[in-house]
Number of protein chains: 2
Amino acid sequence: MARRSEHSRDEIQAMAIQAAITILSEQGLQGLSTRKVASAIGYTAGTLYLVFKNLDELILQVNAASLDELHVWMQDALAKNKAPQAQLLGLAHAYLSFARENFARWSLMFTHQMPVEMHLPDWFHDKVRTLFALVVKPLQQINASLTLEQYRQATHVLWSSVHGVCELGLNDKLALGGEIQAEELIDAMVKNFLNGFSQGWE
Amino acid sequence: MARRSEHSRDEIQAMAIQAAITILSEQGLQGLSTRKVASAIGYTAGTLYLVFKNLDELILQVNAASLDELHVWMQDALAKNKAPQAQLLGLAHAYLSFARENFARWSLMFTHQMPVEMHLPDWFHDKVRTLFALVVKPLQQINASLTLEQYRQATHVLWSSVHGVCELGLNDKLALGGEIQAEELIDAMVKNFLNGFSQGWE
DNA sequence: ACCTGAACACCGTTCAAGT
DNA sequence: ACCTGAACACCGTTCAAGT
């Protein structure tokens with residue numbers, strides 16, 4: 001048929017990203033495919049390759065959108081709390097909520113391994129670092145006597161821990177069976193972390 | 001051709017699991033497929049379905065083998081250390097080493113989402129719980145005044161944190177770039193955890 | 001210039017047919 | 001009884017051909 005410029009490149013790109021997000025929430029990780037995304041926006045799979053290099057680049061864009069949305073959730077959590085301890089708890093809970101309510105999209109950020117030869121663009125790394133920065137600040141308020149490298153390390157440790165609790169908790173990978181209250185675990189984790197952190201960092 | 005009983009069902013099963021492990025280490029997660037496993041052991045894909053219900057069950061068996069091997073690594077770490085604090089550090093480092101040196105196989109345990117309708121057999125959950133138990137004991141020695149439920153929660157928190165540091169560290173998902181010394185992070189993480197834990201648990 | 005549709009090289013899975 | 005090979009329904013990706 002060769003439909004003629006009904007949509008611009010940018011429009012097709014945006015439509016594809018949106019369609020991918022819908023498919024992820026309705027059919028999960030396994031449901032995502034170029035052919036389904038294409039047909040959802042009324043195009044052929046081939047068209048997607050006019051606009052994205054390949055599926056990995058589409059996924060990268062979906063992940064970028066996820067990071068933006070996660071940023072909003074975490075920003076909100078910061079605004080709702082005043083004390084730095086409460087802010088960190090809020091950030092961790094916001095992360096858990098986002099993971100739970102957007103499970104497939106959140107999983108896509110971690111379970112999809114990009115090919116090694118594809119190195120992520122700077123603007124993507126910037127998004128991650130911006131999120132990271134939200135966590136550093138409250139930590140600096142709680143314990144002001146550390147070096148920048150120590151804050152980086154402490155933030156890395158704290159955030160990886162929050163992430164780990166979300167991952168193993170939401171997937172029940174530790175086989176604790178029954179109802180795992182990830183929220184309680186996050187609470188216990190952050191509080192214990194701060195217990196140690198407020199006294200110093202090695 | 002219909003080759004006649006060259007191998008028993010159990011032998012084919014064992015060969016397939018071993019072939020899958022080899023493919024994972026040589027070609028990574030994406031390289032694993034029923035057709036490749038089958039051809040690696042000199043059979044047709046169809047034969048695999050005489051011996052496994054489907055690919056997910058083969059993966060389950062590979063994961064079970066991974067858990068067994070991980071158990072040995074962690075057992076060794078326990079034996080090499082006497083003080084419970086040192087034992088926990090050793091366990092965490094053993095986990096990190098296993099993840100690093102068997103990256104694809106380790107990833108398979110977490111990035112492959114089993115279909116929801118497939119619930120894991122009891123013997124698999126038992127393997128996970130056995131690993132879990134290795135971590136509980138040292139914790140009990142460090143702080144003997146908690147309830148069983150509190151130990152369970154503390155262990156869950158500690159192990160999820162170790163796992164999170166491994167996952168985000170080995171994948172560089174936090175985009176800290178350069179050389180991330182996951183070993184240092186594990187050290188800092190466990191020590192800070194124990195700092196809080198030795199004083200109590202909420 | 002834009003898009004299609006067929007093609008290629010792969011998948012997981014099933015099952016009639018062969019020995 | 002054991003195993004194959006073809007078939008089916010899917011993939012990601014490319015690219016000549018159509019408008």
Side-chain angles (χ1 to χ4, degrees), chain A residues 1-17 19-20 23-24 26-63 104 107-108 111-118, chain B residues 1-17 19-20 23-24 26-63 104 107-108 111-118:
Chain A
M1 252 179 264
R3 158 181 16 194
R4 205 159 279 244
S5 307
E6 270 187 32
H7 305 281
S8 70
R9 271 178 64 98
D10 286 356
E11 281 171 335
I12 294 178
Q13 208 159 354
M15 288 160 65
I17 293 168
I23 290 171
L24 282 167
E26 286 174 357
Q27 308 184 46
L29 267 186
Q30 323 274 355
L32 186 65
S33 77
T34 53
R35 291 169 127 106
K36 279 193 202 158
V37 168
S39 100
I41 63 173
Y43 281 91
T44 280
T47 301
L48 246 39
Y49 289 80
L50 264 40
V51 160
F52 298 103
K53 186 165 166 284
N54 51 31
L55 177 58
D56 287 309
E57 210 183 271
L58 170 54
I59 289 176
L60 181 77
Q61 298 290 345
V62 172
N63 286 346
S107 298
L108 187 67
T111 71
H112 177 76
Q113 309 208 10
M114 295 287 176
V116 274
E117 70 273 13
M118 175 178 174
Chain B
M1 250 178 266
R3 158 181 15 194
R4 207 159 277 244
S5 307
E6 269 186 33
H7 304 281
S8 71
R9 271 178 64 97
D10 286 356
E11 281 172 334
I12 294 179
Q13 206 158 355
M15 290 160 64
I17 293 167
I23 290 171
L24 281 168
E26 287 173 358
Q27 308 184 45
L29 266 185
Q30 323 274 353
L32 185 66
S33 78
T34 54
R35 290 169 127 105
K36 281 193 201 158
V37 168
S39 100
I41 63 173
Y43 280 91
T44 280
T47 301
L48 246 38
Y49 289 81
L50 263 40
V51 160
F52 299 103
K53 187 164 165 284
N54 52 31
L55 176 58
D56 286 310
E57 211 183 271
L58 169 55
I59 289 176
L60 181 77
Q61 299 289 346
V62 172
N63 286 346
S107 297
L108 187 68
T111 71
H112 178 76
Q113 309 208 9
M114 296 287 177
V116 274
E117 69 272 14
M118 173 178 175

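Distance from the side chain of A/Ala45 is smallest to D/dT13 among C/dC2, D/dT13, D/dC3. Listed nucleotides D/dT13, D/dC3, C/dT4 differ in distance to B/Tyr43; the shortest reach to its side chain belongs to D/dC3. Relative to the side chain of B/Leu50, the nucleotides C/dT13, D/dC3, C/dT4 differ in distance, and D/dC3 lies closest.
Within the 4.5 Å cutoff, no side-chain heavy atoms of B/Leu60 are placed close to those of B/Asp56. In this structure, the side chains of A/Leu29 and A/His112 stay at 4.5 Å or more apart for every pair of heavy atoms. Between A/Arg35 and A/Leu48 the shortest side-chain heavy-atom distance does not fall below 4.5 Å. The closest side-chain heavy-atom distance from B/Leu32 to B/Ile59 is below 4.5 Å.
The environment of NZ in A/Lys53 is sparse: at most 12 heavy-atom neighbours from other residues, nucleotides or ligands sit within 6.0 Å.
One interatomic measurement links the two molecules: CD1 of A/Ile23 to C1' of D/dC11, which rounds to 14 Å at whole-angstrom precision. Atom NZ of A/Lys53 and atom P of D/dC15 are 13 Å apart (whole Å). One can place CG of B/Leu55 at 18 Å from P of D/dC10, the figure rounded to the nearest angstrom. For the pair A/Ile41 CD1 and C/dC2 C1', the computed distance is 14 Å after rounding to whole Å. In this structure, CZ of B/Arg35 is placed 13 Å from P of D/dT4, rounded to the nearest angstrom. Distance B/Leu32 CG to C/dG12 C1': 12 Å, rounded to the nearest Å. Taking atom OH of A/Tyr49 as the reference point, atom P of C/dC2 lies 20 Å away to the nearest angstrom. In this entry the distance linking CD of B/Glu6 with C1' of D/dT4 reads 14 Å, nearest Å.
Mapped onto DNA chain C by nearest heavy atom, B/Thr34 and A/Ile12 fall at different nucleotides, with A/Ile12 at the one closer to the 5' end.
Note on B/Ser33: every side-chain N or O is 4.0 Å or more away from OP1 and OP2 of C/dC10.
Both distances falling under 3.5 Å, in either a Watson-Crick or a G-U wobble arrangement, occur for no nucleotide opposite C/dC10. With a cut-off of 3.5 Å on both Watson-Crick or G-U wobble distances, the partner of D/dC15 is given as C/dG5.
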